[in-house]
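Notes for the one structure printed next.
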Amino acid sequence: MRKYLIAGNWKMNLDRAESVDLATQIIAKLPSPCPVEVSVIPTLVHLEAVKHVIGSNVQLGAQNVYFEKKGAFTGEVSVGMLRDMGVKYVLAGHSERRHILGETDEIVGKKAHAIVTEGLGLILCVGETLEQRQHFKTVEVVGRQLDAGLAHVAAASAESGHLVIAYEPVWAIGTGLTATPAQAQEVHAFIRTKLVEKYGQETAQNIRIQYGGSAKKANAADLLAQVDIDGLLIGGASLMADEFIGIVQAAIAGQPKH
Ligand code: 13P
C-alpha cells in the first residue's frame with residue numbers, strides 16, 4: 001500500500017515567527033500518530049526553528065539543495081547539511097527553479113542523484129507549461145524530465161522508498177486552475193508506466209506520485225481518489241493551517257484506496 005504523502009511547500013513565504021506559528025497550529029490539529037505522512041517544507045533559514053516544533057509526527061522538507069558535497073560554492077547548501085538539520089525530503093526540479101532560476105534537466109539530475117545518494121528522500125517535480133499542453137507535448141516533456149531527473153537514481157533508492165515524484169503542471173501552479181482529477185490521473189498513469197519501464201512493476205507500484213497545482217481542501221478528496229495519485233504537494237493552501245489540515249483529513253478519509 002502506498003501511504004499518502006501530503007506536503008506543504010511554503011516557498012519564499014512566512015517570517016520566522018509565522019513559520020513557527022503555522023507549524024505549531026498544524027501539530028496541534030493533527031491526529032497522533034497520523035495515518036498519512038505529512039511534511040512541511042519551509043524556507044531553508046527557518047528549517048531549524050520549525051524542526052523544534054514539529055516533533056516526529058511531521059517530516060521536515062527542504063525546497064532546494066546543491067549537488068556538490070562541499071567546497072567553494074558560495075551561497076549553496078549541501079545534502080549533508082540538510083540531513084544534519086533533520087530534513088527527510090528535498091525537492092528537485094520544481095518548476096519555479098526550472099523557469100525562474102534557470103535550472104536545467106542536467107542540474108536537476110545531479111541534484112536528484114546527490115539527494116538519494118546521501119540517503120534523503122527525493123521529491124522530483126515534473127510538469128508541462130500551458131503552451132506545451134496546448135501543443136500536445138505533455139507526455140514528451142514529462143517523459144524527458146523523468147528520464148533526466150532519474151538518470152542517476154538507482155533502483156535501490158526507488159526500492160527503499162526514497163523516491164517520490166510530484167506532477168505539477170506549470171499552468172496550475174498558483175493560478176487557481178487545478179487539473180481535473182481525470183487530467184491529473186492521465187499523466188500520473190503515464191508516469192507510473194515510465195517508472196515500471198525503469199524500475200520494474202513491483203518497485204514502480206510502491207513509488208508515490210503526488211499531484212501539485214492549486215490543490216486545496218475543496219478538491220483534495222477528488223484528486224486523491226484517483227488510482228495513481230498518492231499525495232499532494234501544496235503551495236498556497238499550505239500556508240493556512242485550516243486548509244492544510246482539511247487536506248490531510250481528506251487524505252486520511254481516503255487512505256484505504258489501494
Ligand atoms: P500552489 O498550490 O500554490 O498552486 O503551488 C503548488 C506548488 O508549486 C507546490 O510545490
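In this text the structure is predicted, and so the values were computed from the model without any measurement. First listed ligand is number 1; within each ligand, the first listed atom is number 1.
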Can you tell me which residue and heavy atom of the protein come closest to [atom], and the distance to 0.1 Å?
atom	value
atom 5 (O) of ligand 1	Lys11 NZ, 3.2 Å
atom 9 (C) of ligand 1	Glu168 OE2, 2.9 Å
atom 2 (O) of ligand 1	Gly235 N, 2.9 Å

As an exercise, identify every atom of ligand 1 less than 4.0 angstrom from a heavy atom of [X].
X	result
Gly213	4 (O), 6 (C)
Ser214	1 (P), 2 (O), 4 (O)
Gly236	1 (P), 2 (O), 3 (O)

Looking only at non-hydrogen atoms, find the nearest pair between Leu223 and Ile229 and report the distance. O-CD1, 3.2 Å
Where does [X] meet ligand 1, judged by heavy-atom distances below 4.0 Å: at the side chain, the backbone, both, or neither?
X	result
Ala172	backbone
Asn9	side chain
His94	side chain

Could you check whether atom NE2 of His135 has more than 12 heavy atoms from other residues, nucleotides or ligands sitting under 6.0 Å from it? no
For His113 and His152, take the angle between the two ring planes, folded into 0 to 90°, and tell me which bin it lands in: parallel under 30, tilted 30 to 60, perpendicular over 60. perpendicular
Students often mix this up, so state it plainly: with edges at 30° and 60°, are the rings of Tyr167 and His188 parallel, tilted or perpendicular? perpendicular
Quick check on the hydrophobic clustering: are Val170 and Ile107 connected, directly or via other members, by side-chain heavy-atom contacts under 4.5 Å? no
Considering only heavy atoms, which of Ser238, Ala237, Cys125, Gly174 lies nearest to atom 1 (P) of ligand 1? Gly174
Is there a side-chain contact between Glu186 and Thr180 in this structure, where contact means two heavy atoms from C-beta onward sitting under 4.5 Å apart? no
Salt bridge (Lys or Arg N to Asp or Glu O under 4.0 Å) between Arg97 and Glu103, intermediate numbers included: CA-CA 6 Å; Arg97 297 213 57 87; Glu103 279 188 15; 2.6 Å; yes
